[in-house]
Amino acid sequence: AANLITQNSVGSDLLTGSSFFTYQGSARLKADFGDLAVMVVASTTGDENAINFPLGTKPNYTDLQQLSFDNAGEDAAGLGATLKLDRFGLKDVTAAAWYVWGWDAIDPTTNASLPNREELDLSLRYQPSEGRWKGLSIWARYGDVFSKVDGHDNQPEYRFIVDYTVPLL
């Protein structure tokens with residue numbers, strides 16, 4: 001699968017103060033082996049500007065829990081895997097792991113190099129497929145960013161998400 005995002009300034013250039021055109025292209029290759037799925041992802045972003053997306057997540061294959069790897073000039077590649085844990089006695093539980101690294105990002109105003117970045121995400125998700133709790137989803141997620149930005153070596157983040165879909169019809 002592949003996608004392309006394009007952005008450009010319009011009108012008074014209020015977003016950055018000057019006109020720009022940028023893009024991000026990303027791709028994913030996925031192989032399924034029954035309960036295991038393995039993915040390889042990659043993306044590249046134009047060097048005139050980072051991708052701006054103030055609402056929600058971005059539709060690119062390198063968008064992880066904390067980073068989207070969409071700074072100006074940034075290239076990224078990564079690996080991911082999901083495993084259904086039914087055969088291990090954990091019915092309706094899925095484990096996932098992602099690791100993406102990005103390099104060659106620049107500040108589009110100064111063309112100064114930005115630090116390379118890496119992110120590791122791990123998650124467990126329980127989502128009953130039948131019975132009274134069908135529609136429930138419980139996630140435990142961990143994400144950690146590794147870079148040398150502002151003197152920090154890593155940036156761990158934990159999320160616990162519960163939602164329930166109510167069928168209307």
Side-chain angles (χ1 to χ4, degrees), residues 1-33 36-83 94-125 137-163:
N3 67 18
L4 178 65
I5 301 165
T6 61
Q7 287 186 341
N8 59 280
S9 58
V10 295
S12 300
D13 300 324
L14 297 176
L15 189 60
T16 63
S18 61
S19 66
F20 73 91
F21 172 84
T22 194
Y23 65 89
Q24 184 186 53
S26 67
R28 177 185 76 185
L29 176 64
K30 180 179 179 183
D32 285 314
F33 304 98
L36 173 67
V38 179
M39 289 141 288
V40 176
V41 295
S43 67
T44 187
T45 305
D47 60 6
E48 284 191 39
N49 204 60
I51 297 295
N52 294 289
F53 203 87
L55 306 171
T57 61
K58 301 171 187 175
N60 62 331
Y61 293 113
T62 55
D63 183 39
L64 293 185
Q65 182 168 312
Q66 296 185 55
L67 301 176
S68 292
F69 298 93
D70 57 3
N71 281 327
E74 189 168 28
D75 294 317
L79 300 169
T82 61
L83 177 64
T94 303
W98 280 95
Y99 183 76
V100 174
W101 57 96
W103 63 92
D104 287 345
I106 61 168
D107 179 316
T109 304
T110 65
N111 285 328
S113 293
L114 298 176
N116 294 342
R117 307 181 297 165
E118 305 167 50
E119 182 171 343
L120 170 68
D121 289 356
L122 304 171
S123 68
L124 282 175
R125 182 177 188 181
S137 177
I138 301 172
W139 287 66
R141 298 181 68 180
Y142 165 80
D144 205 344
V145 173
F146 307 95
S147 69
K148 297 286 185 186
V149 178
D150 298 329
H152 297 285
D153 289 335
N154 64 350
Q155 178 179 311
E157 178 181 282
Y158 304 90
R159 294 183 185 180
F160 186 71
I161 304 163
V162 178
D163 61 55

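As the structure is a computational prediction, the values presented were derived from the model and not from experiment.
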Side-chain donor/acceptor of [X] to backbone N/O of [Y], under 3.5 Å:
{"X": "E119", "Y": "L64", "result": "no"}
{"X": "N116", "Y": "W101", "result": "no"}
{"X": "Q66", "Y": "Q155", "result": "yes"}

Once rounded to the nearest 0.5 Å, what's the spacing between atom OG of S68 and atom CD of Q24? 7.5 Å
Which distance, rounded to the nearest 0.5 Å, do you find between the CG of N8 and the CG of N49? 10.5 Å
Taking side-chain hydrogen bond (donor to acceptor under 3.5 Å, both in side chains) as the test, write out the residues that go with [X], two or more places apart.
{"X": "W103", "result": "none"}
{"X": "D121", "result": "none"}
{"X": "S113", "result": "none"}
{"X": "N3", "result": "S26"}

For a quick test of reading the model, state the closest non-hydrogen atom pair linking [X] to [Y] and the distance between them.
{"X": "A50", "Y": "T22", "answer": "O-CG2, 4.0 Å"}
{"X": "S43", "Y": "F69", "answer": "OG-O, 3.8 Å"}
{"X": "Q7", "Y": "F20", "answer": "O-CE1, 4.0 Å"}
{"X": "L120", "Y": "F146", "answer": "CB-CE1, 3.9 Å"}
{"X": "T62", "Y": "A42", "answer": "CG2-C, 3.9 Å"}
{"X": "T94", "Y": "T82", "answer": "CG2-CB, 4.3 Å"}

Name all residues meeting the ring-ring contact (aromatic ring centres under 6.0 Å, His included) criterion together with Y142; count only those two or more places apart in sequence or in a different chain, and write none if there are none. Y158
Residues two or more places apart in sequence or in another chain: which of them pass side-chain contact (heavy atoms from CB on, under 4.5 Å) with [X]?
{"X": "V40", "result": "L79"}
{"X": "D47", "result": "I106"}
{"X": "T6", "result": "L4, F21, Y23"}
{"X": "A140", "result": "F160"}

Do the side chains of V145 and Q65 get nearer than 4.5 Å, heavy atoms only? no
Not counting sequence neighbours, list each pair that qualifies as a salt bridge (Lys or Arg N to Asp or Glu O under 4.0 Å) and has a residue in residues 65-77. K58-D70, E74-R117
For side-chain contact (heavy atoms from CB on, under 4.5 Å), just list the numbers for L67 and V100, CA-CA rounded to whole Å, side-chain angles, deciding distance to a tenth of an Å, and then say yes or no. CA-CA 9 Å; L67 301 176; V100 174; over 6 Å; no
Residues forming a salt bridge (Lys or Arg N to Asp or Glu O under 4.0 Å) with R141, sequence neighbours excluded: none
